[in-house]
There are 2 protein chains.
Amino acid sequence: MSNNAKFDREWVVDKATQLYWEKGFHATSMRNLQDVIDMRPGSIYAAFGSKEGLFKETLVRYTQQGIDKLQSCRKQTSSPLSALKLFMRQVVIEAQTQSPNGMCMLVKTVSELTDEQPELLQAAKDALKTMEAEFEAVIVEAQTIGEVANHKNAKALARHIQVQITGLRSYARTTDGDAPLAQMIDEVFEHHPFV
Amino acid sequence: MSNNAKFDREWVVDKATQLYWEKGFHATSMRNLQDVIDMRPGSIYAAFGSKEGLFKETLVRYTQQGIDKLQSCRKQTSSPLSALKLFMRQVVIEAQTQSPNGMCMLVKTVSELTDEQPELLQAAKDALKTMEAEFEAVIVEAQTIGEVANHKNAKALARHIQVQITGLRSYARTTDGDAPLAQMIDEVFEHHPFV
DNA sequence: ACCAAGCATGAACGATCGTTCAAGAATTAT
DNA sequence: ATAATTCTTGAACGATCGTTCATGCTTGGT
């Protein structure tokens with residue numbers, strides 16, 4: 001491990017993700033990034049092209065980690081709905097203290113950016129659609145084992161989950177731990193449209 | 001109306017609100033603001049102290065306008081729940097096309113800022129609590145006229161409304177008009193915990 | 001051992017950032 | 001009419017922004 005080995009792209013993107021996630025696109029400066037990923041400007045631009053290029057790569061990585069996390073939840077239980085609830089607990093409750101920012105990085109990005117960064121904005125929107133499709137797949141699974149009625153619209157339920165997660169994560173961030181998050185998550189599954 | 005009349009503070013804060021709301025705190029530069037509010041730096045700093053000072057004043061104004069909007073909805077119908085639904089339609093659906101940004105400015109602010117702007121962050125959180133209290137007051141009204149059962153927890157219902165609005169506004173922004181927002185709003189009121 | 005190719009370096013660039021302040025114009029008080 | 005006060009102006013400041021590129025080091029092939 002010499003002083004000048006080729007940089008570890010995964011590690012770098014990971015660190016960049018954490019910083020971008022915490023501070024957002026605009027408030028994160030290239031000098032901030034240089035510090036946390038321990039690279040000089042020339043190397044960063046050779047590898048990622050621009051501040052936007054690096055950000056885009058963090059969005060991809062963040063999304064893949066989200067998918068992995070959901071799959072990990074899915075493998076911990078035979079109940080697809082329990083997996084969904086476990087996932088919600090992780091991103092809504094645990095993420096408040098263990099993540100760079102309690103909010104979903106994709107939602108934060110869609111919230112922050114305007115048409116001045118059209119590619120990044122679209123990339124974040126697409127990634128959110130991807131996550132919603134993952135939810136839908138889990139819900140379809142729940143239908144095949146009879147955990148959710150077959151006549152329910154899986155797409156609509158996935159959309160519902162997406163809205164609830166987004167709403168709850170934002171709410172958690174505004175209330176500094178005062179909200180009964182676990183109970184609020186339970187209520188999502190106790191009532192229509194799931195039962 | 002001479003060239004040098006004292007500036008119209010309300011008009012100025014209004015314009016600043018629109019710009020901050022659209023672009024966020026960090027992406028809005030003082031020069032952007034100078035252009036839209038037609039004031040020179042010296043005047044702005046004499047009147048508002050700093051970029052943060054002006055932003056804080058826009059938060060206050062934005063919140064008051066939100067309260068006014070809810071009261072306006074309340075006066076258009078004898079049903080408190082219908083008023084709430086009308087308010088939701090306005091901020092979730094109409095705001096997508098008619099506002100500087102479909103998201104709630106307060107949520108956007110809480111999402112964007114970190115502890116580097118503690119006062120602004122807290123101000124936005126406080127304003128969201130204020131809005132939630134307004135929702136609660138409407139729900140209590142609904143209980144007094146028997147539109148909502150008395151044994152329901154008005155605070156919990158207000159919290160629920162807050163989460164739904166936040167989730168739906170974010171979702172609307174990510175989907176570019178593809179989501180059945182009106183139907184999703186209806187569902188909030190058709191199912192538990194309101195019925 | 002040497003060369004060629006690939007990679008990292010960091011000083012420097014022009015642009016823009018938030019902010020200040022000396023100076024002048026407009027208004028109010030006398 | 002004049003003085004005192006209030007408000008506006010915009011050039012300028014140091015700091016920082018995203019980005020570039022000439023230079024030198026490291027690595028793999030022979």
Side-chain angles (χ1 to χ4, degrees), chain A residues 1-17 19-59 109 112-121 123, chain B residues 1-17 19-59 109 112-121 123:
Chain A
M1 197 175 73
S2 109
N3 251 353
N4 275 322
K6 190 177 175 186
F7 74 95
D8 180 340
R9 195 173 185 99
E10 251 190 70
W11 183 88
V12 161
V13 174
D14 225 45
K15 287 286 175 190
T17 303
L19 189 61
Y20 272 132
W21 188 1
E22 180 192 340
K23 305 185 50 146
F25 178 74
H26 283 113
T28 301
S29 73
M30 287 306 290
R31 279 171 175 80
N32 294 153
L33 285 164
Q34 289 163 36
D35 292 343
V36 306
I37 72 184
D38 192 29
M39 287 174 75
R40 262 37 66 198
S43 303
I44 299 177
Y45 278 81
F48 302 101
S50 65
K51 188 188 177 187
E52 292 200 20
L54 177 51
F55 189 81
K56 200 165 190 174
E57 194 149 329
T58 68
L59 287 183
T109 298
E112 177 185 5
L113 297 185
T114 66
D115 288 333
E116 289 174 35
Q117 275 81 36
E119 288 189 26
L120 298 182
L121 185 52
Chain B
M1 198 176 72
S2 107
N3 251 355
N4 275 322
K6 189 177 175 185
F7 74 96
D8 180 340
R9 194 174 185 99
E10 252 190 68
W11 183 87
V12 161
V13 174
D14 226 45
K15 287 286 176 190
T17 302
L19 189 61
Y20 271 132
W21 188 0
E22 180 193 342
K23 305 184 50 147
F25 178 75
H26 283 113
T28 302
S29 73
M30 287 305 292
R31 279 171 175 81
N32 293 154
L33 285 164
Q34 289 164 36
D35 293 343
V36 306
I37 72 183
D38 192 29
M39 287 173 74
R40 264 35 69 199
S43 302
I44 300 177
Y45 279 81
F48 302 101
S50 67
K51 188 187 178 186
E52 292 201 19
L54 176 51
F55 189 81
K56 201 164 189 172
E57 195 150 328
T58 67
L59 287 183
T109 298
E112 177 185 7
L113 298 185
T114 65
D115 288 333
E116 288 174 35
Q117 275 81 35
E119 288 188 26
L120 298 182
L121 186 52

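Within every chain, numbering begins at 1; the chains are lettered A, B, ... in the order of the sequence lines, protein sequences first and strands thereafter.
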Q: Tell me which of A/Asn32 and B/Gly42 sits closer to the 5' end of DNA chain D, going by the nucleotide each one is nearest to.
A: B/Gly42
Q. For B/Glu52, does the CD atom have more than 12 heavy-atom neighbours from other residues, nucleotides or ligands under 6.0 Å away?
A. yes
(Q) If you compare all heavy atoms of B/Thr114 against all heavy atoms of A/Lys23, which two are closest, and at what distance to 0.1 Å? (A) CG2-CA, 4.3 Å
Q: Let me know the distance between CE of A/Met39 and C1' of C/dG10, rounded to the nearest Å.
A: 14 Å
Q: Would you confirm whether B/Gln34, through its side chain, and B/Pro41, through its main-chain N or O, come within 3.5 Å as a donor-acceptor pair?
A: no
**Q.** Donor-acceptor side-chain pairing of A/Ser29 and A/Asn32 below 3.5 angstrom
**A.** yes
Q) C/dA8, C/dG10, D/dA11: which one has an atom nearest the side-chain heavy atoms of B/Pro41? A) D/dA11
Q | Short side-chain to backbone donor-acceptor contact, A/Ser43 and A/Met39, under 3.5 Å | A | no
Q: For A/Gln34 and D/dT19, give me the distance from atom CD to atom C1', rounded to whole Å.
A: 10 Å
Q. Side chain of B/Arg31: nearest nucleotide among D/dA11, D/dT20, C/dC17?
A. C/dC17
Q: Specify the separation, in whole Å, of atom CD1 of A/Ile44 and atom P of C/dC7.
A: 16 Å
Q: Calculate the interatomic distance between B/His26 atom NE2 and C/dT16 atom C1'; express it in whole Å.
A: 15 Å
Q | Spacing of A/Arg40 atom CZ relative to D/dA22 atom P, expressed in whole Å | A | 21 Å
(Q) For D/dT20 and A/Tyr45 - does any side-chain N or O of the residue sit under 4.0 Å from the phosphate oxygens OP1/OP2? (A) no
Q | Between P of D/dT27 and CZ of A/Phe7, the distance in whole Å | A | 15 Å
Q. For C/dT16, does either OP1 or OP2 sit under 4.0 Å from a side-chain N or O belonging to B/Ser29?
A. no
Q: Would you kindly give the CE-to-C1' distance between A/Met30 and C/dA15, to the nearest whole Å?
A: 16 Å
(Q) Can you tell me which nucleotide in D/dT19, D/dT9, D/dC17 comes closest to the side chain of B/Ser43? (A) D/dT9
Q) C/dA8 P sits how many Å from A/Phe48 CZ, rounded? A) 10 Å
